[in-house]
Structures are given as structure tokens and as C-alpha cells.
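Have a look at the structure below before the remarks.
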Protein chains: 2
Amino acid sequence: MSRKVTIHDISTESGTSPSTVSRVLTGSAVVSEDKRKAVEEAIRKLNYRPSHIARSLKTRTTQSIGLLLNDITNPFYSAVARGAEDEANRHNFSLILCNTNEEAARELQYLHLLEDKQVDGIILGPTGKNISPVQDLAYRHPIVQIDRYLDSVEASIVKVDNEGGAYAATRLLIEKGHQRIAVLRWGKQITTMKERYEGYERALVEAGLPVDPALVVDVPALDIAQTMDMVRSVMTRPDRPTAVFALNNQIGSAAIGVIHQLRLQIPEDVALIVFDDLDYFTLIRPSISAVSQPAFEIGVQAVRLLMRQAQARGAPHSAEQIILPTELVIRESV
Amino acid sequence: MSRKVTIHDISTESGTSPSTVSRVLTGSAVVSEDKRKAVEEAIRKLNYRPSHIARSLKTRTTQSIGLLLNDITNPFYSAVARGAEDEANRHNFSLILCNTNEEAARELQYLHLLEDKQVDGIILGPTGKNISPVQDLAYRHPIVQIDRYLDSVEASIVKVDNEGGAYAATRLLIEKGHQRIAVLRWGKQITTMKERYEGYERALVEAGLPVDPALVVDVPALDIAQTMDMVRSVMTRPDRPTAVFALNNQIGSAAIGVIHQLRLQIPEDVALIVFDDLDYFTLIRPSISAVSQPAFEIGVQAVRLLMRQAQARGAPHSAEQIILPTELVIRESV
DNA sequence: ACATTCTATGAAATCGGTTTCATGCTATCC
DNA sequence: GGATAGCATGAAACCGATTTCATAGAATGT
């Protein structure tokens with residue numbers, strides 16, 4: 001087993017100094033044509049590949065960014081990841097995948113780990129429970145929050161127009177004649193949920209409809225069985241709502257499951273609209289209307305924003321905020 | 001902005017040498033009780049966190065593994081990723097996420113990148129198009145293939161019992177009285193598809209049924225629209241099959257879409273079973289039967305296998321093979 | 001033609017740890 | 001009690017790159 005080829009080997013093979021080899025590697029300074037050729041020849045001959053680690057140690061940059069998500073198996077987040085991966089790759093950066101599972105301790109552990117690994121930036125889909133550590137980190141490193149964000153933390157954000165999307169969805173239901181519209185949410189203190197709920201409420205108020213607390217259902221956890229139970233109890237009440245607005249894809253799926261179980265007809269018995277679109281919504285009958293989010297684009301924009309911030313390091317980095325539009329996709333369920 | 005705290009700072013603060021600090025850090029040698037206390041105190045006081053990069057440079061180990069997948073948005077792969085992440089975290093390893101998008105060039109680029117980054121191991125869901133580079137890599141580094149594998153390459157594998165799962169599914173359809181069972185596949189040279197097809201064929205042959213080439217549908221690409229077109233053409237033939245077996249979740253979803261479009265009743269007009277289970281299969285009506293794969297567990301096992309191989313480095317590492325069982329989940333669609 | 005600036009290059013320091021090696025001290029043995 | 005082994009420790013080398021700094025030689029200006 002031959003030892004790994006180092007810059008020193010290239011140096012001797014090409015009859016130059018390591019400094020010169022480094023210069024042709026990074027292009028950081030002018031090197032004469034013949035030396036350059038010699039170095040390039042040696043690199044090819046010995047099949048040399050520079051060590052990222054050694055480089056990182058000196059340059060204090062790792063060409064990597066941390067991607068901290070609550071649940072990579074949630075189609076929304078995996079699309080974000082895909083977008084981020086795509087854009088990162090375009091910049092020759094790689095992603096370190098961290099799954100928090102909505103656990104504060106795990107998020108915190110990862111935040112430290114990523115700092116120890118000296119990632120050049122962090123894309124954070126926050127659990128919402130580590131406010132001050134995130135603030136501290138944001139002070140020292142480029143960090144962009146996606147989807148949700150921590151209200152008091154001064155860090156960049158890439159999100160969608162939750163309020164507007166929810167408003168449009170609710171309005172659609174009202175226009176279709178619905179007066180009793182249930183809203184299903186989870187974690188009402190989370191910014192996404194807050195904003196979506198506000199959009200719902202604004203549409204109701206604007207239309208002069210009452211905001212009935214009985215129609216606002218908070219599911220206790222993102223557990224499909226529990227969520228279905230909650231939804232079932234709403235849907236089996238004597239004064240059942242005529243329309244349901246689920247504020248995320250998981251609750252939406254639970255609602256679909258319950259409605260099917262109860263043998264209710266969509267949209268005759270109950271109309272349905274879900275915040276966040278899933279592939280299968282178009283495949284089933286009736287197809288499900290949704291507020292579609294540009295998840296892939298969120299990932300792309302987050303990486304771009306990070307690149308800009310990393311570039312401008314040293315300069316007082318202002319916390320940017322990117323708000324992407326949602327799209328109301330009207331299908332058979334309304 | 002205070003400079004980063006280094007091992008040298010701890011050394012002076014605690015009145016010891018860097019060597020001793022390193023020894024308490026790694027626990028690689030005995031240190032007297034009082035020195036240890038002093039070092040630990042200094043670490044706490046200065047809030048010291050060792051640099052992973054510097055450590056990696058010397059130890060030639062990065063505590064990270066590369067995760068190379070074709071499509072992280074495919075629920076199967078994202079579940080694998082989740083499992084891998086979980087297990088890696090348990091071992092204090094982190095994952096570098098690489099999405100190949102089924103592109104050979106991208107896969108190759110990533111294989112090089114991961115080697116340059118000196119990951120301790122690679123989990124590879126291969127495109128199938130980079131046989132000799134993978135073989136070369138496997139010779140130098142721990143690598144485990146998941147799901148698919150490269151036939152000629154000597155590297156460990158974690159996969160499911162594709163043949164057995166497909167056999168069981170086909171058998172079920174036959175037992176339900178179906179004689180004309182279409183099979184939908186993509187990329188027939190890919191090991192998973194080959195094995196699943198073999199299971200299908202074995203079940204037919206065992207039951208004395210003919211293997212009708214007209215019922216074997218190869219979709220040209222994993223594109224939902226194209227796939228739906230192919231499926232539609234089969235389902236609109238005069239001698240339409242009475243049952244359909246889709247060999248992966250994407251083709252399965254396309255099939256569901258087409259069947260709904262054509263207003264065919266499941267399972268009366270056509271029975272359906274899909275290799276690989278998706279969440280929504282239980283939510284819709286009728287619910288869809290599936291061959292369920294332990295995707296999370298594949299990720300977990302892959303990481304464990306990698307850990308073992310990395311441990312045994314130096315010893316001639318034998319290529320292990322782990323075959324996990326599938327589960328036939330019978331729902332309303334048959 | 002001589003002083004001065006430029007340019008390409010190599011030597012050496014550096015990044016922040018780990019590990020080998022040498023050493024002084026204490027414990028053990030006959 | 002003197003020789004030997006064991007043990008904790010620090011000095012220095014090392015991992016593999018980049019970057020600063022010094023310098024020799026070429027190019028430029030007057």
C-alpha cells in the first residue's frame with residue numbers, strides 16, 4: 001500500500017518548492033509557464049489530490065455547511081435538502097446532514113458539533129427551543145433560518161409568505177360558501193403556525209364570519225395516530241365543519257385518513273385544503289387542494305444567502321430576510 | 001473578537017504541556033489526578049473546544065461518513081438517510097449528504113470529493129454506472145452499498161430480500177385468482193429490479209402461469225408523466241391485466257394516478273400491489289397493498305457495518321452482506 | 001550605466017492538534 | 001543498598017497544506 005501523495009512529493013517530482021505547487025493549486029499568485037507545466041505534469045503523473053483537511057486547517061474554511069432539519073423524512077424538508085444540496089454542490093460546498101427530530105437537546109448538540117467542525121455556515125430549521133444558543137452562534141457565524149424562525153434572534157431568514165398563503169386558502173373556502181371552517185394546527189407558538197393562523201383569521205374577519213374557538217383544533221404532537229384522533233373528534237361532532245384547513249402536510253394527511261375512514265365525501269360532505277403540497281395529492285381521487293410551498297427554492301436561496309454572508313465576513317452582516325411566495329393549487333377537494 | 005482558544009492556551013492556563021492536555025482530551029494515557037483536574041478546570045474556564053480539523057489532520061480520521069443517494073426526496077431514501085443519521089449520531093459520526101440524481105458524473109465527482117475529505121467510510125446507493133471507480137475506492141476505503149449494488153464489485157452490501165418480497169406479492173395476487181398480472185419496472189439492469197422481477201417470474205412459473213412479455217412494462221425514465229403514459233397504455237388495452245405489480249414506489253404512485261384517472265375501481269377492475277410502502281397508502285381508499293421495506297433499518301445497518309469495517313482496518317476486510325426481510329402488507333387493493 | 005522597482009521563487013513559519021521519544025522520579029527486586 | 005523497571009511528563013516532530021518573508025535576477029526609468 002503506497003503512502004498518500006502529498007504536496008511535497010509533487011514538489012520534488014516537479015523540481016519546485018511546495019510553495020510554488022500550492023500557488024498553482026490555488027491560483028493565488030503568478031507562476032511561470034514552465035514551472036506550472038512541470039507541476040501540472042507531476043500532479044497528473046502521481047495522481048495527486050490535495051487534502052481538504054490540511055487546507056482547512058490553514059485557511060480556516062471547510063467548504064461545508066451544516067443542514068439542521070427537524071425531520072428529513074418529511075417531504076417538505078427533504079425537498080429543502082435537495083435544493084440546498086444542489087446549490088451547495090454548484091459552489092463546491094458539501095452538506096452535513098443533521099436531523100433533530102424536534103428535540104432541543106439534539107439540536108444543541110449539533111450546533112456545537114458544527115461549530116467544532118468549523119462549517120462555513122449553518123442552515124437551520126429550528127426546533128424553536130434553543131433561542132439563546134442560536135443567538136450566540138449567529139453572532140459568530142453565518143446562519144440562516146428556514147421555514148420557522150426564532151423571533152428574537154437576529155439572523156437571516158428564508159421563509160414563505162405563510163400569512164398570505166393561509167389567507168388565500170381560507171378565502172377560497174369562504175368564496176365556495178363555507179361558513180364553518182375548521183383549522184388544524186400544531187405548536188401554535190411556532191412562527192409558521194402563528195402566521196398561517198393569522199392568515200386564516202384575517203380571511204374570516206374580513207368576510208364578517210365569526211372565529212369559533214371550537215373550530216380551532218390544536219393537535220398535541222406530530223404523531224399520526226394522535227392527530228387522527230383529534231381530527232376524528234372534530235369531524236364526528238353534530239355541528240361538523242363543512243371545510244377543513246390543515247396547517248401542515250402531516251396534519252393534512254391525518255385529516256385525509258380520517259375523512260376516508262369516516263366515509264365522508266370530499267368535497268360534498270367536507271372540503272379540504274392543506275398548507276404544503278404533497279405529490280400524492282394529485283394522484284388520488286378527489287385530488288387535494290393545497291397551498292404549495294417552493295421547498296426546493298427555499299434550500300437554494302438559503303445556500304445562496306449563506307454564500308453571500310460568508311463572502312462578506314468581517315463586514316457587519318445584516319440579517320437578510322427572504323420571503324418566497326406560495327401558490328394556491330385548487331383541485332377537486334374544494 | 002477574541003481569538004479562538006487553542007490547546008496551547010489550556011496548557012499555559014493549567015500549567016502543563018500541550019501533550020498532557022491532549023492526553024486528558026483523548027484519554028490515551030494516564031494523567032495524574034491533580035494535573036487532570038487543572039486541565040479540566042482550564043477547559044471549563046476558557047470554554048475550550050478542540051478543533052476537529054486539527055485532530056483529523058494528525059489522526060487521519062474524520063468521524064464522518066459520506067451518504068451518497070440517488071434522490072433524497074424519494075421517501076425510501078430519506079428513510080434510509082434518517083436511519084443512517086440516527087445511528088451515525090449514536091457513534092458521534094456525522095453524515096455528508098450527497099445527492100446524485102441518478103447521474104454518473106455527479107456520483108463520480110462525489111466519490112472523489114469524499115475521498116479528498118477523508119471520510120471514514122461511504123454509504124453508497126449506486127447509480128450503477130461507475131463500476132470501476134467504485135471498485136478502486138472499495139479497495140482503499142470502507143464502503144457499503146445499499147439497496148442496489150454493483151454486481152462485480154467486492155464491497156459490502158445492505159439490501160432487502162427483493163426476490164422473496166416480489167415472489168410473495170405475486171403469489172398473493174395469484175392466490176386471489178389473478179392470471180394476468182402486469183409488472184411495471186424501470187431500469188431492468190439494476191439489481192433491485194432484476195431480483196424483484198425474478199421473484200415475480202418464479203411465482204408465475206410455480207403456479208403454471210405463462211410469462212406474457214406484453215405484461216412486462218419497462219418505463220423509460222423515472223419521470224412521473226412518462227411513467228403514467230406507459231401505464232396508461234397498458235391499462236387501456238382491450239385485454240387489460242386484472243392485477244398490477246409496480247416494482248418501486250414511484251412507478252406505484254404513477255399507477256395509482258392512472259387508475260384513478262381512468263376511473264377504474266380497485267380492486268374490482270384491477271388489483272394493485274407496490275414494492276415499497278408509502279405513508280399515504282394507508283390513508284387513501286382503497287388502501288394500497290405493498291411490500292414494505294425496512295428503510296430506516298437499512299440505514300442503521302449500513303452505518304454499523306461501516307463502523308465494524310473501519311474498526312477492523314488493516315485486517316483483510318471481507319465484504320459482508322446483510323439481507324433484511326421485507327413484509328407483505330395486505331390492504332384493500334388486492 | 002546605474003539606481004530602482006517588479007517578479008518569480010524557495011525557506012520557514014503557521015494552522016491546532018496528536019504522538020513519539022527522552023528524562024527524571026518513584027517503586028520494586030534481589 | 002544499588003540496579004532495574006515503571007510511570008508521569010514535557011520537548012519536539014509531525015500531519016499536509018497555505019502564506020509570509022526574504023532574495024536573486026530581470027525589467028524599467030533617467
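Order of the sequence lines fixes the chain letters, A, B, ..., with proteins taken first and strands second; residue numbering starts at 1 for each chain.
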Check whether any side-chain N or O of [X] sits under 4.0 Å from OP1 or OP2 of [N], and answer yes or no.
X       : N      : value
B:Thr20 : D:dG10 : yes
B:Ser17 : D:dG10 : yes
A:Ser22 : D:dT18 : yes

Can you measure [X] atom [atom1] to [N] atom [atom2] for me and round it to whole angstrom units?
X        : N      : atom1 : atom2 : result
A:His8   : C:dA12 : NE2   : P     : 13 Å
A:Arg55  : C:dG16 : CZ    : P     : 18 Å
A:Asp9   : D:dA17 : CG    : C1'   : 13 Å
B:Leu57  : C:dG17 : CG    : C1'   : 8 Å
B:Leu25  : C:dG17 : CG    : P     : 8 Å
A:Gln118 : C:dG17 : CD    : C1'   : 11 Å
A:Lys58  : C:dC15 : NZ    : C1'   : 5 Å
B:Ile7   : C:dC15 : CD1   : C1'   : 13 Å

Please tell me whether [X] and [Y] have a donor and an acceptor in their side chains that are separated by less than 3.5 angstrom.
X        : Y        : result
A:Glu102 : A:Thr127 : no
A:Asn101 : B:Arg82  : yes
B:Asp147 : B:Tyr77  : yes

Taking all non-hydrogen atoms of both residues, which atom of [X] and which atom of [Y] are closest, and how far apart?
X        : Y        : value
B:Pro126 : B:Glu107 : CA-OE2, 3.3 Å
B:Ala104 : B:Asn130 : O-ND2, 2.9 Å
A:Ser64  : B:Lys117 : CB-NZ, 3.9 Å

Taking DNA chain C as the partner, which of residues 27-43 of chain A come within under 4.0 angstrom of it by heavy atom? A:Val30, A:Val31, A:Ser32, A:Lys35
Determine the sole option in A:Val119, A:Leu113, A:Leu114 for which the side-chain contact (heavy atoms from CB on, under 4.5 Å) test with B:Ser94 is passed. A:Leu113
Nearest-nucleotide wise, let me know which of A:Arg23 and A:Val5 is further upstream toward the 5' end of DNA chain D. A:Val5
To the side chain of B:Ser19, which of D:dA12, D:dT19, C:dT18 is closest? D:dA12
If you look at every strand shown and take non-hydrogen atoms under 4.0 Å, does [X] touch a base, only sugar-phosphate, or nothing?
X       : answer
A:Arg60 : sugar-phosphate
A:Thr26 : sugar-phosphate
A:Ser56 : nothing

